[in-house]
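Below is one structure, written out as structure tokens; comments come after it.
First the proteins, then the strands, lettered A, B, ... as listed; each starts at 1.
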Amino acid sequence: MRDAGYVRRVLIGAALILLVAACGDAAGGSVATDDPVVEGDSAEVTSTTTSIPPVEELPDLGPAPRLIGLDGWLQTDISSLDDLRGRVVVVHFWTFGCYNCKNTLPNLETLYAEHADDDFEIVGVHSPEFSYEEDPEAISAAAEDLGVTWPIALDTRKKSFFAWQGSPAYWPRTFVLDRDGIIRFDHIGEGAYEGLNRTVASLLG
Amino acid sequence: MIPAFLEGLAQAGLPCSWIVLVPAVLVGVATRRMGPVAGYLGSVAIFTWVAVSGWLSPPVWVAGLSLLAGAVTWWRWGPGSSQTALVGTGVAWAWQPCVGAELGKALNLAQQDPLGALPGLAAFMIGVTLVGLAIGAGIRLLMERRRVAAPRWVAPGVVGVLGLLMVSGLYGQVASIMARWSTVIWG
């Protein structure tokens, strides 16, 4: 009986915290924005045909840092992001053991196929969370299993992971660079697929 | 709020959440008192928010020191709210999240409006932590029914080992082994 009381008290306490937090949320905690990049976080893979924002409406988040401390590349001949200047580039920080990263891959696959004939590229920066994710052969095998056909930068020591994100840094995180290497989209985690797809479509004109 | 809470419940089983989950289980096993539970839950939620807001995100060895301090005081004086708050603070600083859609909303919002991100982030962390506390309470109930008692040093001992691993730089390797087991077990 005492344990039932304990569980009840924990649940009531958690509910009260949630309630207080919800009040804070309702009092204006959430940010409504017209920013086309932040909006559209549906988990569905969506078409890019709806309401593509003009390029000038996309945020300018500054020049992208270089990819540093890499241990090589897979599935490509390029050796740096400079080789992709003039193209619209999605830079996707991921690791193959990350459940949430895997959930973002179907949209990237669709996007990659959709823009196969455009000046467009995806770079998957593989920044392992755990040591078993560091083996390039394991990464290649996982890429094949997961349908990752785009270039993969091996960021085994996570130098680029932290150089781009600071601390704390997150898996997955997705950036879109315009043709001049300026960051025009930045999203942490799953979701915002519609915003990502619309940003790419806008930058490709 | 509720979606973030539910996502927290769902993500508790992922390797990324183990560092939050394991001490939560230990707290749940060690005590039924609300103070220590609230100390852990509150410190995890608040210091995670402090870290993701960019105000204070120390290196993992500092997180390890916080865990060690929590472990030593827990071993000496039992699982009080200050002790579990120290453990929760270390956990919050060591946590490297894998981010789903709802947590992602909070973290993206934290870049522009840290205060606005607090409800979603707190709801997520409460979800993850409650799973651990519930597992711990279940284990304690079973032990009490079978009249089995773990030595009082076990829970602070495990927390202390986690802290030592972080301070020594070995935490990543151990976490990797745990994650590997997890993928073998759960696929």
For atom CH2 of A/W73, is the number of surrounding heavy atoms from other residues, nucleotides or ligands below 6.0 Å larger than 12? yes
A/Y112, OH: over 12 other non-hydrogen atoms inside 6.0 angstrom: yes
So salt bridge (charged side-chain N to carboxylate O under 4.0 Å, His left out) across residues 123-136 of chain A, not counting sequence neighbours, yields none
Using the test ring pair (Phe, Tyr, Trp, His ring centres under 6.0 Å), find all partners of B/W49 that sit at least two apart in sequence or belong to another chain. B/W55
Cut-off 4.5 Å, heavy atoms of chain A, and the answer for B/E102 is neither
With no hydrogens and no angle check, do the side chains of A/D186 and B/Q111 hold a donor and an acceptor under 3.5 Å apart? no
So, do B/V99 and A/N100 sit near enough that their side-chain heavy atoms are less than 4.5 Å apart? no
A/K159, NZ: over 12 other non-hydrogen atoms inside 6.0 angstrom: no
Proximal component of A/Y170, with respect to chain B [non-hydrogen, under 4.5 Å]: both
Interatomic distance, NZ@B/K105 vs NE2@A/H187, rounded to 0.5 Å, equals 9.0 Å
CZ (A/R85) with more than 12 external heavy atoms under 6.0 Å: yes
Under a 4.5 Å heavy-atom cutoff, which of B/G104, B/P59, B/C98, B/A45 has the most pairs with chain A? B/C98
Part of B/L103 within contact of chain A (heavy atom distance under 4.5 Å): neither
